[in-house]
A.B. asks: 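Below is a structure I'd like to ask you about.
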Protein chains: 2
Amino acid sequence: MKSSQKKNKNRLEQEDIYSIPIDAFFKSAFSVDCVIFGYHEKELKVLLIQRGTDPYENYWALPGDLVYPHEDLEHAAQRVLRDLTSLPDISMRQVHAFGKVGRHPLGRVITIAYTALVEHTEINPLPSNWAKQTKWHSVKKLPRLAFDHEEILKDCHQSIKRLIISEPLWVNVLPEKFTITQLQEIFETVLDKKFDKGNFRKKINGLKFLKPLKESQKNVSHRPSTLFNFDSKIFEKYKEKGFVFEF
Amino acid sequence: MKSSQKKNKNRLEQEDIYSIPIDAFFKSAFSVDCVIFGYHEKELKVLLIQRGTDPYENYWALPGDLVYPHEDLEHAAQRVLRDLTSLPDISMRQVHAFGKVGRHPLGRVITIAYTALVEHTEINPLPSNWAKQTKWHSVKKLPRLAFDHEEILKDCHQSIKRLIISEPLWVNVLPEKFTITQLQEIFETVLDKKFDKGNFRKKINGLKFLKPLKESQKNVSHRPSTLFNFDSKIFEKYKEKGFVFEF
DNA sequence: TCAAAAGTGTTATAGGTACACCCATGT
DNA sequence: ACATGGGTGTACCTATAACACTTTTGA
């Protein structure tokens, strides 16, 4: 009986719908929201803005913007990130679309969440027209957020944890030449979990796309580490063949 | 220099933007497209419609529809599925948002792709106002599709392959009580890959949420199989604890 | 010579793969 | 009795985890 009630409800909705002119459908907007995680020295942060205008004025929120009428989604996400961090060409990943009817007080706005991982030193976030303030927040101590941004942030946090074990999210974080320990520390921080040094190294040495260089560290007060390289061509070949590695 | 060119281009776009009235943003629409996979007797199919109206008339396409102004995305996806298959309450998963500028000839339409796995026997797809024809197609032999639906379908196909190893997508396919072999056949078909009988059974017996019943098969001309049950409560508990199983 | 981190090696265990073999039922 | 798929057991191999030990540098 419960199911027949549902069916009735649905039939009504459907009939209503036919009287809605096609224009009515073109009255919604979409936005992108960027969940930009920043890594530095074993700390994971996320970039938030403090809103300067009305819906949710003064609340902290994810940086985001409406998508321009002739702009691709990815482009919009890149733009938001670049405006705030002046970092160009960071690879971002689409995570999910959020579209609950009441999520935006000004009208029907669906938002597409994008996420990225970057280095957060020296990025003093640029002033922007949307924001009173822009600040890196530790992911372990977050303020209340505007709209449904808490849900979005949580989803994206989960997402980078899943992604980082098979996608090189860390290319935006590490310098050209890096040590295994640097890589291990990123994993430990993002996944909030310790790894055994020896075992981690064994994994790395099995991955052909992480190549040891002839060079090593300089001026460190301990045995200098071999520097490594990420070879994206080899990585792409592995991926094409459907190979899956996990850290 | 390439990067400075880019920056300039971006600045221009930004300045243009401020002259666009807010209303201009509320002139786009969104739709859901459903990639409904149908399993039956070791065959994986996908439900396609043949379009009866103009953009891409007569092309095969994914069933989809514009989202009504006061309708949630999930609800819209459910509605499309129900209209075609008369199956109520199938769990669908959001996969990705597709929003390239030129993807829809009538205007800016972003589409959110949803996917599900169902049993495809006895569903003689219902006539619908969008479609001349509705038909199950083998995933191994697909026609050319309208819009960017080939890309969407490919993405969703990948997606169920990834999902099925950790999510019980097969609850919509199997009867209440099922045999391990039935389950194994679904996995083999979806992943297009054979599994060893003995090893598969060992996995199943290790999963607490797949419970053997006292009952067994009847009227089969071989040793009757024990029937199993999916216990969703136990499954949810595992998931809450972040436990991950893979087949 | 000491601290600190790099880097190697060993062992125990868990889990996966392959495969052989027995079991219960209808015909 | 035999065909058919259900169900079990084992032996081998590989991946992983835990941990101890050696090496190289600057101070």
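Chain A is the first sequence line, chain B the second, and so forth, proteins listed ahead of strands; every chain is numbered from 1.
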A.B. asks: May I have the distance from R201(A) (atom CZ) to dT8(C) (atom P), rounded to whole angstrom?
C.D. replies: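 Roughly 7 Å, once rounded to whole Å.
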
A.B. asks: Between atom NZ in K194(B) and atom C1' in dA18(C), what is the gap in whole Å?
C.D. replies: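 Result: 16 Å.
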
A.B. asks: Once you round it to whole Å, what is the distance between P of dG7(D) and CG of L210(B)?
C.D. replies: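 Rounded to the whole Å, the gap is 14 Å.
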
A.B. asks: Rounded to the nearest angstrom, tell me the gap between atom CZ in F195(B) and atom P in dC19(C).
C.D. replies: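 Rounding to the nearest Å, CZ of F195(B) and P of dC19(C) are 17 Å apart.
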
A.B. asks: Do K197(B) and dG5(D) have a side chain to base donor-acceptor pair shorter than 3.5 Å?
C.D. replies: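 There is none.
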
A.B. asks: Can you tell me how far P of dA6(C) sits from CD of E215(A), to the nearest Å?
C.D. replies: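 Going from CD in E215(A) over to P in dA6(C) covers 17 Å.
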
A.B. asks: Measure from CD on E246(B) to P on dA15(D) and round the result to the nearest Å.
C.D. replies: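 About 16 Å, once rounded to whole Å.
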
A.B. asks: Is there a donor in the side chain of Q78(A) and an acceptor in the side chain of E74(A), or the other way round, less than 3.5 Å apart?
C.D. replies: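 Judged by distance alone, the side chains do not pair up.
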
A.B. asks: Remember a base hit wins even if backbone is also touched, and classify T179(B) as base, sugar-phosphate or nothing at under 4.0 Å, heavy atoms.
C.D. replies: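 Since no nucleic acid heavy atom lies under 4.0 Å of T179(B), the category is nothing.
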
A.B. asks: Any idea how W170(B) and F187(B) line up, ring-wise: parallel (<30°), tilted (30 to 60°), or perpendicular (>60°)?
C.D. replies: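 It falls in the tilted class, 30° to 60°.
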
A.B. asks: Given atom CD1 of I204(A) and atom P of dT8(C), what is their separation to the nearest angstrom?
C.D. replies: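 So the two atoms are 13 Å apart, to the nearest Å.
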
A.B. asks: How would you label the contact of T181(B) with the nucleic acid (heavy atoms, under 4.0 Å): base, sugar-phosphate, or nothing?
C.D. replies: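 Sugar-phosphate contact only.
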
A.B. asks: Please figure out whether Q182(B) or K202(B) has its closest DNA chain D nucleotide nearer the 5' end.
C.D. replies: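 Mapping each residue to its closest nucleotide by heavy atoms, the 5'-most match is Q182(B).
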
A.B. asks: Over 60° means perpendicular and under 30° means parallel, so classify the ring planes of F195(A) and F200(A), tilted if in between.
C.D. replies: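 Because their plane-to-plane angle lies in the 30° to 60° range, the rings of F200(A) and F195(A) count as tilted.
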
A.B. asks: In this structure, how many angstroms lie between the P atom of dG6(D) and the CG atom of L183(B), rounded?
C.D. replies: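 Distance check: L183(B) CG to dG6(D) P gives 13 Å.
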
A.B. asks: Parallel, tilted or perpendicular, judged at 30° and 60°: which one describes the rings of H120(B) and H40(B)?
C.D. replies: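 Perpendicular: the ring planes of H120(B) and H40(B) meet at over 60°.
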
A.B. asks: Please list, in numerical order, the residues of residues 217-227 of chain A that have a heavy atom closer than 4.0 Å to any atom of DNA chain D.
C.D. replies: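 Close to the strand are V220(A), S221(A), H222(A), R223(A), P224(A).
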
A.B. asks: Do the charged groups of K239(B) and E167(B) touch, with an N to O distance under 4.0 Å?
C.D. replies: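 Judged by the 4.0 Å cut-off on N to carboxylate O distance, K239(B) and E167(B) do form a salt bridge.
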
A.B. asks: What's the closest nucleotide to the D196(B) side chain, out of dA6(C), dA18(C), dT16(D)?
C.D. replies: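 Side chain of D196(B) sits closest to dA18(C).
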
A.B. asks: Between D192(B) and K161(B), does any side-chain N to carboxylate O distance fall below 4.0 Å?
C.D. replies: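 K161(B) and D192(B): not salt-bridged.
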
A.B. asks: Under 4.0 Å between a Lys/Arg side-chain N and an Asp/Glu carboxylate O for E215(B) and K177(B)?
C.D. replies: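 Salt bridge: yes.
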
